[in-house]
Amino acid sequence: MSGVTGNQDVDIDLGQLVRAVWARRLKVVAVTLIGAGVAFAGAKMISPKYSAETRLLIEQRAPAFANTQSNDGNAGPLLDELNIASQVQLLQSADIIKQVINSEKLYELPEFDDAVNGSALSDILVALHIKKNPLENPPEERVIDAFIERLQVYQVPGSRVIGITFTSKDPKIAARIPNAMANVYLATQSGAKLDTNSEATRWLEPEIENLRKKVNDAEQKVAEYRAKHGLLPTNGGSNFPQQQLNDISVELTRVRGEKANAEARAQSVRNALASGEASDTLPDIMSSQSMQRLKGTESGLQSQISDLSTSLLNNHPKLKSLRAQLADIKTQIRQETQKILASVEGEAKVAGLRAAELERQSGTLRANSAQAGEDEVGLNALQREANAQRQLLETYLARYREAASRADSNSSPADARIVSRAIEPVDPYFPKVVPIVVVAAVATLVMSAIVIMLAELFSGRALRPVDGSVEPAAPIEEKTQAAAAPKAKRDVKPSMLSAPVEEEPAQEAPAPLEDESEFSISSVAHYLTSSRATLAVAISPTGDDGSAATVSLARALADVGQRVVLVDMTGSGYPTELMGDDPNAPGVTDLLCGAAAFGETIHGDRDSDAHLIPQGISDIRQAMRGADRLSLLLDALSSAYDLVIVECGAADVAGVSRLTRSKDVEIILSMPDVIEEEFVVAMTEFEKAGYQRVVLMSGDETIAEDLPRRAA
């Protein structure tokens with residue numbers, strides 16, 4: 001029996017589950033071994049299957065004499081993922097599969113036509129019309145279906161490699177089929193190229209003959225048109241009238257320049273003669289040899305006259321003779337200058353006549369050139385037609401020569417090559433005996449353990465009551481009678497929240513409750529942490545020993561990382577004595593009396609990370625006049641700390657009610673020496689006042705389970 005009543009809250013006892021499995025360990029081991037043995041026998045009974053793989057690399061392949069430009073242009077599509085996927089589908093096409101089946105004579109092997117032999121299970125399924133009768137399909141289709149089941153063609157991720165994997169009961173067939181498929185695929189691809197080249201040559205031959213005739217006719221029309229319209233070709237590419245017009249234009253420009261030059265020279269000579277200036281600087285005069293001789297003679301006579309003038313008189317006959325000769329020379333110079341002027345003017349007239357003639361010829365040629373331009377429009381049209389036909393013919397001839405050069409079977413390799421051929425496998429890929437046995441053993445072990453655990457759960461042996469739901473024990477009176485010797489209770493001082501109480505004479509107290517570890521400090525700390533409480537009011541009916549337990553509770557919470565503050569509302573100030581360094585530090589009474597600021601009343605615990613608000617040094621009676629502000633103080637502390645613990649000492653329900661506005665707070669009855677009578681009375685009073693979350697803390701440091709939210 002589980003010992004759990006029907007209305008109790010229960011939990012799963014994991015330890016009991018483990019113990020149940022361990023108690024049946026021999027059975028579990030036996031079942032595991034049986035499962036492993038069955039898996040081993042089954043794996044050995046299965047016919048082994050072998051797998052082999054051939055890999056193809058898809059790449060552009062062309063003869064060594066192929067055009068590099070054409071190779072580059074055709075390499076792009078091969079890098080496309082869609083093209084690789086298309087090749088994968090091509091390898092799985094029915095045509096290639098049929099060729100492989102026929103070349104390898106697979107239709108003669110029973111492995112590829114299991115329907116002939118059949119099996120009892122297959123016959124039953126066919127009789128029940130659950131499975132189609134395979135014999136209804138033609139033998140060729142059955143072989144193809146069996147071949148496809150054993151074939152796997154895939155693209156290696158991130159590459160242009162295609163893998164061909166085949167599975168068979170015979171390792172030789174497993175290696176032979178992928179290689180045969182690769183060979184058939186390469187032959188098919190190469191044959192497709194040969195067929196393309198053959199079709200190209202057959203189509204190009206009549207087209208080339210037709211184009212040759214068209215080119216001859218077009219060129220004949222061009223020649224006839226030239227002869228008819230006199231459009232003789234020239235070196236510059238233009239027609240003859242245009243060439244003549246260009247030449248005359250150049251000559252006319254040159255003659256006009258010569259005329260202008262001659263007129264300018266003649267004008268300069270006339271200007272020199274008219275002004276009487278020396279004409280020695282004129283180019284035409286200086287270039288005349290006669291003028292040079294006369295100038296030399298003139299210079300010699302002037303030199304003689306100058307020499308004789310120094311020794312002879314002006315009327316001397318010799319001087320007169322020399323002056324007469326000098327005058328005659330100057331006359332000759334003027335005459336020679338007139339001749340040069342007439343010669344230059346003659347050159348200008350000749351140039352003018354030539355320019356007039358050239359202008360006349362230019363006008364005639366312009367008319368001829370305009371007519372030739374109109375005639376050349378038709379010639380250009382004929383030439384364009386002839387050039388187009390000639391270019392098309394040359395293109396067809398180049399394609400024809402290229403296609404004819406690839407007519408041989410070795411000249412057009414497939415756009416793929418084998419990079420890894422399948423070899424005969426040694427070990428079967430299925431079944432893997434060791435992995436199957438290991439997996440079966442582990443699965444059997446796990447299933448056996450699960451079955452045992454489920455049996456324990458359904459029987460109730462692995463269930464236990466949760467804390468606070470324990471099975472009723474003997475009456476408290478019986479426990480009291482069986483308890484140990486009584487011990488005296490400490491003096492109890494009144495709390496700040498209640499009126500002073502009179503001391504009672506020491507009397508024999510009832511024995512403490514059993515199983516106090518369920519209400520230890522660590523259990524209460526764990527309960528407060530898991531319940532996410534923000535405010536707890538600790539009542540110590542037994543006096544300072546309960547306050548000491550509350551201090552231990554605050555420190556235990558701080559040790560597990562909780563931000564906790566303890567507010568000392570006791571009458572004795574014992575928590576302040578245990579936690580504070582300065583007994584005169586400002587605290588609650590000073591804050592309520594307005595003698596200290598809020599931040600000045602918070603102090604650190606000397607032995608932990610917990611904080612303390614001590615009792616203070618102000619008058620308690622005066623401070624309690626402002627007790628209504630305690631709820632605001634606690635709300636402010638709750639927003640800054642994970643948990644606020646208010647140690648009230650031996651307070652009553654009325655005093656605690658002044659602290660908070662809500663009844664939804666944790667009430668901790670801190671009673672290290674649990675006395676049944678006091679505990680029951682205190683709990684009953686708080687429950688009547690509306691406090692439903694009352695927890696007993698015995699003060700024992702033994703680690704226990706979580707406390708219930710309500711202790712009875």
Side-chain angles (χ1 to χ4, degrees), residues 492-501 533-541 543-555 557-558 562-662 665-668 670:
V492 179
K493 293 185 178 181
S495 170
M496 292 174 59
L497 299 175
S498 61
V501 296
T534 58
L535 177 61
V537 179
I539 310 299
S540 303
D544 289 344
D545 53 354
S547 299
T550 305
V551 172
S552 299
L553 174 63
R555 290 174 175 172
L557 290 169
Q562 291 287 311
R563 294 176 299 172
V564 60
V565 60
L566 188 145
V567 182
D568 186 2
M569 297 289 293
T570 64
S572 63
Y574 191 59
T576 303
E577 180 182 346
L578 294 177
M579 300 178 68
D581 293 327
D582 185 5
N584 297 321
V588 178
T589 57
D590 303 301
L591 182 61
L592 295 177
C593 292
F598 185 78
E600 297 175 353
T601 62
I602 301 177
H603 307 277
D605 180 19
R606 61 171 176 259
D607 293 333
S608 69
D609 292 334
H611 287 174
L612 167 70
I613 298 181
Q615 185 184 50
I617 58 177
S618 297
D619 182 64
I620 295 178
R621 297 181 183 277
Q622 181 182 356
M624 293 313 296
R625 294 174 184 172
D628 294 337
R629 291 185 294 168
L630 284 174
S631 59
L632 299 177
L633 169 64
L634 296 179
D635 291 341
L637 291 173
S638 298
S639 63
Y641 290 89
D642 296 331
L643 178 62
V644 179
I645 301 176
V646 182
E647 172 56 36
C648 299
D652 54 9
V653 177
V656 174
S657 300
R658 300 174 63 185
L659 285 175
T660 60
R661 300 168 183 165
S662 173
V665 297
E666 303 289 344
I667 303 297
I668 302 174
S670 181

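Owing to the predicted nature of the structure, the values given are computational and were not obtained by experimental measurement.
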Atom of [X], atom of [Y] and distance for their closest heavy-atom approach:
| X | Y | result |
| --- | --- | --- |
| L612 | P575 | CD2-O, 4.4 Å |
| C593 | D619 | SG-O, 4.0 Å |
| D544 | S572 | OD1-OG, 2.8 Å |
| V537 | C648 | CG1-SG, 3.5 Å |
| V656 | A651 | CG2-CB, 4.3 Å |
| A596 | P586 | CB-CB, 3.8 Å |

For [Y], is there any backbone N or O sitting under 3.5 Å from a side-chain donor or acceptor partner on [X]?
| X | Y | value |
| --- | --- | --- |
| R606 | L578 | yes |
| H611 | Y641 | no |
| E600 | A597 | yes |
| T576 | P614 | no |

Going through the distances and angles, do I613 and L591 end up as a side chain to side chain contact (heavy atoms under 4.5 Å, CB included)? CA-CA 10 Å; I613 298 181; L591 182 61; 5.9 Å; no
Applying the side-chain contact (heavy atoms from CB on, under 4.5 Å) test to L535, which of L643, L637, V665 qualifies?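 Per the side-chain contact (heavy atoms from CB on, under 4.5 Å) rule, the option paired with L535 is V665, out of L643, L637, V665.
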Let me know which of L592, V567, D635 forms a side-chain contact (heavy atoms from CB on, under 4.5 Å) with L630.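 In the set L592, V567, D635, the residue that makes a side-chain contact (heavy atoms from CB on, under 4.5 Å) with L630 is L592.
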Roughly how far apart are S670 OG and L553 CG, rounded to 0.5 Å?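 Answer for the OG-CG pair, S670 versus L553, is 8.0 Å.
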When you compare the side chains of D605 and S608, does any donor N or O come within less than 3.5 Å of an acceptor on the partner?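 Indeed, the side chains of D605 and S608 share at least one donor-acceptor pair under 3.5 Å.
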Could you tell me if S547 and E647 have a donor-acceptor pair between their side chains, going purely by distance under 3.5 Å?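 S547 and E647 do have a side-chain donor-acceptor pair below 3.5 Å.
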Does some side-chain heavy atom of V588 sit less than 4.5 Å from a side-chain heavy atom of D568?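 D568 does not reach V588 side chain to side chain.
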Would you indicate whether the side-chain heavy atoms of M579 and R555 approach each other to under 4.5 Å?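 They are in contact (side-chain heavy atoms under 4.5 Å apart), so the answer is yes.
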Would I668 and I539 count as a side chain to side chain contact (heavy atoms under 4.5 Å, CB included) here? Give the steps. CA-CA 6 Å; I668 302 174; I539 310 299; over 6 Å; no
Yes or no on side chain to side chain contact (heavy atoms under 4.5 Å, CB included) for S540 and T550, after CA distance, side-chain angles and deciding distance? CA-CA 9 Å; S540 303; T550 305; 4.2 Å; yes
Is it the case that over 12 heavy atoms from other parts of the model lie below 6.0 angstrom from the CG atom of D609?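 Result for CG/D609: open.
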Would I617 and T589 satisfy side chain to side chain contact (heavy atoms under 4.5 Å, CB included), going step by step from the backbone distance to the final call? CA-CA 7 Å; I617 58 177; T589 57; 5.7 Å; no
